[in-house]
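Report on one structure; see the data block that follows.
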Amino acid sequence: MAEEAVLGFLQTNEHISDSHEFADSIGVSHTELENLIKSLKGFQIVDAQEITRESWVLTEEGKTYMVNGSPEALFFSAIPPEGISRSNLKEKLGAEIFDIGSKAAAKNRWITFEKDLVKRKVESVQDEVKNVLARINSGAAVGDQVINDLKRRKLIIKQTWKGYSLKKGPKYVSKRKKPETDLTREHIVSGDWKNLEFKEYNLNAEAPQIQAGYLHSLLEVREQIQNIFLEMGFEEMPTNNFVESSFWNFDALFQPQQHPARDSHDTFFLETPASTQNLPEGYLGRVKLVHESGGYGSKGYGYDWKREEAEKNLLRTHTTAVSTRMLYALAQQDTFTPKRYYSIDRVFRNEAVDRTHLAEFHQIEGLICDRGLTLGDLIGVLEDFFSRLGMSKLRFKPAYNPYTEPSMEIFSYHDGLQKWVEVGNSGMFRPEMLLPMGLPEDVNVIAWGLSLERPTMILYGISNIRDLFEPKVDFNLIKSNPICRLGL
Amino acid sequence: MPTVSVGRDRLFKALGRTYTQEDFEVLCFEFGIELDDVTTEKAIIRKEKHLKDEACEGDEEVIYKIEVAANRYDLLCLEGIARALRIFMGKETTPVFTISGIAAKCMHKMYVKPETTQIRPFVVCAVLRGVTFDEATYNSFIDLQDKLHQNICRKRTLVAIGTHDLYTLEGPFSYEALPPTDISFVPLKQDKSFRADELMEFYKGDMKLKKFLHIIENSSVYPVIYDSKRTVLSLPPIINGAHSAITLETKNVFIECTATDLTKANIVLNTMVTMFSEYCEKKFEVEPVEVLYPDGNIMVCPDLSVTKMEVPIKEIIGPIGISLDETQVVPLLNKMQLQSEKVFTDGETRILISVPPTRSDILHARDVVEDVAIAYGYNNIPKTKPKCHTTGGRQPLNRFSDKIRAEVARAGYMEVLTWILGSKEENFKKLNRSDDEKKAVIIGNPRTAEFEVVRTSLLPGLLKTLKHNKDHPRPIKIFEVGDVVTLDETRDVGAANNRRLGVLYCSGSSGFEEILGLAERILKVVKKPHILVETKLELSHEPEFFLDRQRSVMFGGRCIGKLGVIHPMVSWEGFDISDPCSFLEINIEALL
């Protein structure tokens, strides 16, 4: 209705000079008209100029005075010709009007105080305040001095008035068609789509988030690394045994019983089930001997090996415990067959948790077991593996690990950080580890390991491991991580 | 890995040249040590005292913190690192350590009393004559003892070192084990005499020493070493006596190492004397001490003899994958302190290697292989490919788990990854369960309450994850596929993993139908062709669920999972989640 009125008026008139007046004339609120103006302006149907004006309006107090009279006038009128005691007057007028009225009336020299008595000083008075408030309320202009007085008494405040002047816009039509927001089944079936106008899309806003399922980023990287192993002919090891005995986790790996890793500060030992009774006896005997006095060409560590230490249960500190079980099983076969094994699974360290350390993380491990393998083979296979992970510049640093000899730390040149960063550990399993299992003497095992978290943090630019993997994970991070492009 | 702090300028002086930091790092990398940090004493003190300003003591000398291999005790001091690098660069050859040829009757003697077997049965000793210390070498001597104590000595439990000014003492010595109340002496850094039991009490307030008290505290006898005048040399492994303390002016040093492990005691003693005999009047010469055990056994120590090892050349170069002849291998070994020569035995060329007493890490010919590879340069070894043909393959359970994960994600759920360890409270009490029902694996030495127990359900992890994302728009649909562990006597270790799917739904309403729909979907997609398995839901009574709004999932007559509306006692009181939740957990191994 308002739209028709505006467009109709502009058809015969040059402009609408004041939107407030116009709103009054057609009987709609200015807010409603303003919304319409904005819409018409958006479609360039009208041209709207904003106009502002300042005016004085009465405060609530001012309005009261306009209707009831000012306190000073009320004060004056309440005084009988013979005068009145303060207390009686106060009672008559109320405390507020009495206070304000007494001061203002005194200032106007309308009254006098004689001891406790209040008396009129003049015969009659004009309530100028009431009059001037009425004039301001009707929009009439008043002098600055008056305005200042009223403003000081907080009877009036300044108000900014906003309105529009309107004229035809470039796309003026006397009646506008309403554009459709969406194509509907009815439009298609009826053929209406041919005559309809469609509202333009506003693509500045982001589309609402779609309903989707999500896989965890760390496990997406796990899948890609898994694929690399499979492409390279590696077979997955069964690693679903978090509880392990010290025997398989340490002793079988020729890790001496006083090794710091076996300290309670580094390893989670178990209260229940506290120990493993069922260990392969013959093999255990050979492991004991190789620790105590060597054999197989070794000096051994020369200490008293204790079975109770080996029986202590723990949460595995590395998946190499599983590799050891697999190699032992391989050694029990009648004929030796070469193997390539891998695993990616959870390991546990009794460490303080911080931005880069967790008490639980995932270890990636690969190993090859065959006759006559060399350190050159290990370097070759590492170059192959890591280049598939996007790390083609490698170098190797001598390192120490109780169950590998030679041992190599793997460094990769990181283009972003512009430096060499350690990406994993590797080596050849020691004869003291392999020969007690019963593997043939010429069989070597080359192996390497790294964490899954570190390459993932580098890939996704995550600086705090706990944003990715722990109960405090941020759902938005899982939702916004890009697909894993390893190997693409 | 141990880290050794050495003064850069002293190190370069010992190496006979200076390096840029980059060049030194390259040398370290090749040799297999690592320049971990570059700092100054002043910076270290500042850090320790949390001071910001410059107003603190300390030197501005640059300190290199060098990380060395954990089995190379000969690299735990500047002397050892510099010597190893000089030999590595071919600037000098491995020193020959000698035992001074004094007659047995002139040797200092250490009588071991039988009571020591109750607490710390071994002792080995040696004397360094005519030592010249300056402040730097003196500090290095003290630091080396510290490093050895921290590493091979396992915080003094296996071996403890005492060093003494021999001039202040009079042999023969005795190694005894006495009741604490019978031992009194003035300990190092104190000026009054303490009785041993009082001393232990006194040291409970000592930040450094209190860590070692437990080693002897509960023993009825304490180990103690006396000279012939009953002067206490030391109360191992706690403290030395003040009387025989070494100073910058000390010329003759008496070293004793008491131990529970004789092999390690010998390694520690050898490390001390091979490193610091460098400063003796007769360089690299050590005076022996006779240790007499009560059973009549007499040991003269230290044993600084070289160990001979004869290794066929093909056993050295074979595992590396390089072809070198003996004229090439020998110089490489020499660079690594392994003096060697070619010999011809049993019709083949072998290398005769002399392993010096400093190289206790050489246990096997394979250790020699590594040294040759290092000297040759790991990064010079030609790359080859293993030739064996193998086929790749996955564990069926893991592959199946991935299929289930994909299926649940396709149903619009978000995968999360939570911890396997948790607190007892959140695993039991917060799930409305009184205890673990004797099913759970319990950690014996948790560092914090976060790691007390191995999860027996995926529920607490999912609820915790939800709790930390409570403000996320509803509905929240999360899942995890992972292992729980329960006690299982049929396994060698007494516990077994079980692969589970856990799904949690949270919104303004409970979402029971959502979870139920997903459960039905899973059971539908895991069907095998031509095999009919009966699946049904039965009313269950699990305390984590609300009233009878719960069911167990029966598969072929066996319960393989549960689903239901989470009890408000669990979601709200346990995990601070105000919206209703539904949960599904299935043993997916049973569906494989």
Side-chain angles (χ1 to χ4, degrees), chain A residues 211 213-216 218 230 233-236 238 240-245 258 264 268-273 276 278 297-299 302-303 313 338-340 346 350 359-360 368 370 373-377 379-381 383 395-398 400 405-406 408 430-431 444 469-473 475 478, chain B residues 29 32 69-71 154 158 261 263 319-321 363-367 369-370 373-374 378-379 381-386 388 390-395 398 409-420 441-445 447 451 461 464-465 468-469 472 483 485 487 492-495 497:
Chain A
Q211 280 293 320
Y214 304 88
L215 291 174
H216 196 275
L218 195 68
L230 294 173
F234 283 71
E235 188 183 324
E236 190 177 22
N240 51 338
N241 57 326
F242 298 155
V243 174
E244 190 53 277
S245 60
Q258 310 83 356
S264 63
F268 288 114
F269 288 98
L270 303 185
E271 182 181 299
T272 325
T276 292
N278 187 5
S298 176
K299 278 197 335 194
Y303 72 100
N313 274 343
K339 285 284 180 189
R340 291 173 201 244
R346 202 78 61 100
N350 198 0
E360 302 179 21
I368 308 178
D370 195 9
L373 288 172
T374 67
L375 201 56
D377 288 334
I379 293 172
V381 81
E383 297 245 335
R395 60 177 199 173
F396 304 94
K397 175 177 164 287
Y400 168 66
E405 189 80 15
M408 306 194 298
R430 291 191 71 100
N444 278 333
F469 173 32
E470 85 148 11
K472 287 178 188 156
V473 64
F475 285 171
I478 301 180
Chain B
F29 195 94
N71 62 341
R154 303 296 301 124
L158 303 180
D261 180 318
T263 311
I320 305 174
L363 304 177
H364 190 277
R366 186 55 76 79
D367 298 291
V369 170
E370 183 179 75
I374 293 170
Y378 277 4
N379 297 295
I381 297 170
K383 294 158 203 158
T384 47
K385 286 274 173 70
C388 53
T390 55
T391 44
R394 297 209 47 203
Q395 286 292 320
N398 292 349
R410 275 195 287 269
Y413 286 80
M414 181 197 306
E415 185 173 39
V416 297
L417 195 63
T418 68
W419 287 350
I420 283 156
V441 171
I442 310 288
I443 309 296
N445 58 334
R447 210 181 261 264
F451 311 119
K464 249 197 315 188
T465 307
H468 290 295
N469 286 275
H472 204 77
D483 288 1
V485 183
L487 299 182
D492 58 349
V493 296
N497 283 29

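Only heavy atoms go into these numbers, but all of them, side chains included; no hydrogens, no water, no symmetry mates. Throughout, a chain's letter reflects where its sequence line sits, starting with A, and its residues are numbered from 1.
Here CG of A/Asn444 is found 4.5 Å from CZ of B/Arg366. Values are rounded to the nearest 0.5 Å. Atom CD of B/Glu415 and atom CG of A/Leu215 lie 5.0 Å apart (nearest 0.5 Å). In this structure, A/Glu236 CD and B/Gln395 CD are separated by 5.5 Å, a value rounded to the nearest 0.5 Å. Remark: B/Ile381 CD1 to A/Ile379 CD1 distance equals 4.5 Å, nearest 0.5 Å. Atom CG in A/Asp377 sits 3.5 Å away from atom OG1 in B/Thr384 (nearest 0.5 Å). Atom OG1 of B/Thr465 sits about 8.0 Å away from atom CD1 of A/Ile478, to the nearest 0.5 Å.
Of all the listed residues (A/Arg395, A/Glu271, A/Glu405, A/His216), the one sharing the greatest number of non-hydrogen pairs under 4.5 Å with chain B is A/Glu405. In terms of non-hydrogen atom pairs under 4.5 Å with chain B, the most contact-rich of A/Glu235, A/Lys299, A/Gln258, A/Lys397 is A/Lys397. Put simply, of B/Arg410, B/His468, B/His364, the one with the most heavy-atom pairs under 4.5 Å next to chain A is B/His364. Between chain A and the residues B/Ala411, B/Ala495, B/Ala409, B/Pro386, the most heavy-atom pairs under 4.5 angstrom are made by B/Pro386. No other option in A/Pro431, A/Gly302, A/Pro338 has as many heavy-atom pairs under 4.5 Å with chain B as A/Pro431. Your options are B/Gly321, B/Ala69, B/Gly412, and the one with the most heavy-atom pairs under 4.5 Å with chain A is B/Gly412. Interface remark: of the candidates B/Asp483, B/Ile443, B/Thr418, B/Ile443 forms the most heavy-atom pairs closer than 4.5 Å to chain A. Considering only heavy-atom pairs separated by less than 4.5 Å from chain B, the leading option among A/Lys339, A/Glu244, A/Arg346, A/Gln211 is A/Arg346. Counting heavy-atom pairs under 4.5 Å between each of B/Gly444, B/Gly461, B/Gly494 and chain A puts B/Gly444 at the top. The candidate from B/Asp367, B/Thr391, B/Thr263, B/Ile374 with the greatest count of non-hydrogen atom pairs under 4.5 Å with chain A is B/Asp367.
No side-chain donor-acceptor contact under 3.5 Å links B/Asp492 to the backbone of A/Thr276. Between the side chain of B/Asn445 and the backbone N or O of A/Phe269 there is at least one donor-acceptor pair closer than 3.5 Å. A distance-only check finds no donor-acceptor pair linking the side chain of A/Thr272 to the backbone of B/Ile442 [under 3.5 Å].
The parts of A/Arg340 that come within reach of chain B are both its backbone and its side chain, each placing non-hydrogen atoms under 4.5 angstrom from that chain. The contact between A/Leu230 and chain B is made by backbone and side chain atoms together, counting heavy-atom distances below 4.5 Å. If you measure heavy-atom distances from A/Phe396 to chain B, the contacts under 4.5 Å come from both the backbone and the side chain. With a 4.5 Å cut-off on non-hydrogen atoms, A/Asn313 touches chain B through its side chain but not through its backbone. If you measure heavy-atom distances from A/Asn350 to chain B, the contacts under 4.5 Å come from both the backbone and the side chain. The contact between B/Asp261 and chain A is made entirely by side chain atoms (from C-beta outward), counting heavy-atom distances below 4.5 Å. Contact annotation for B/Tyr413: only backbone heavy atoms (N, CA, C, O) come within less than 4.5 Å of a heavy atom of chain A. Heavy atoms of A/Glu360 lying under 4.5 Å from chain B belong exclusively to its side chain. Contact of B/Val485 with chain A is made through the side chain alone, with heavy-atom distances under 4.5 Å. For A/Glu383, the part lying under 4.5 angstrom from a heavy atom of chain B is the side chain only. Contacts between B/Pro382 and chain A at a heavy-atom distance below 4.5 Å involve the backbone alone (N, CA, C, O). With a 4.5 angstrom heavy-atom cutoff, B/Ala373 touches chain A only via side-chain atoms.
Side-chain contact between A/Leu270 and B/Val441: present, with at least one pair of heavy atoms (C-beta onward) separated by less than 4.5 Å. Under the 4.5 Å side-chain criterion, counting only non-hydrogen atoms from C-beta, A/Leu375 is not in contact with B/Pro319. B/Val369 places a side-chain heavy atom less than 4.5 Å from the side chain of A/Pro406.
Smallest separation of non-hydrogen atoms from A/Phe475 and B/Val416: CE2-CG1, 3.9 Å. Scanning both residues, B/Asn497 and A/Phe242, for their nearest heavy atoms gives OD1-N, 3.1 Å. Nearest approach of B/Val493 to A/Ser245, heavy atoms of both residues: CG1-N, 3.8 Å. Heavy-atom minimum distance, B/Tyr378 versus A/Pro398: CE2-CA, 3.4 Å.
Other residues, nucleotides and ligands contribute at most 12 non-hydrogen atoms within 6.0 Å of the NZ atom of B/Lys383.
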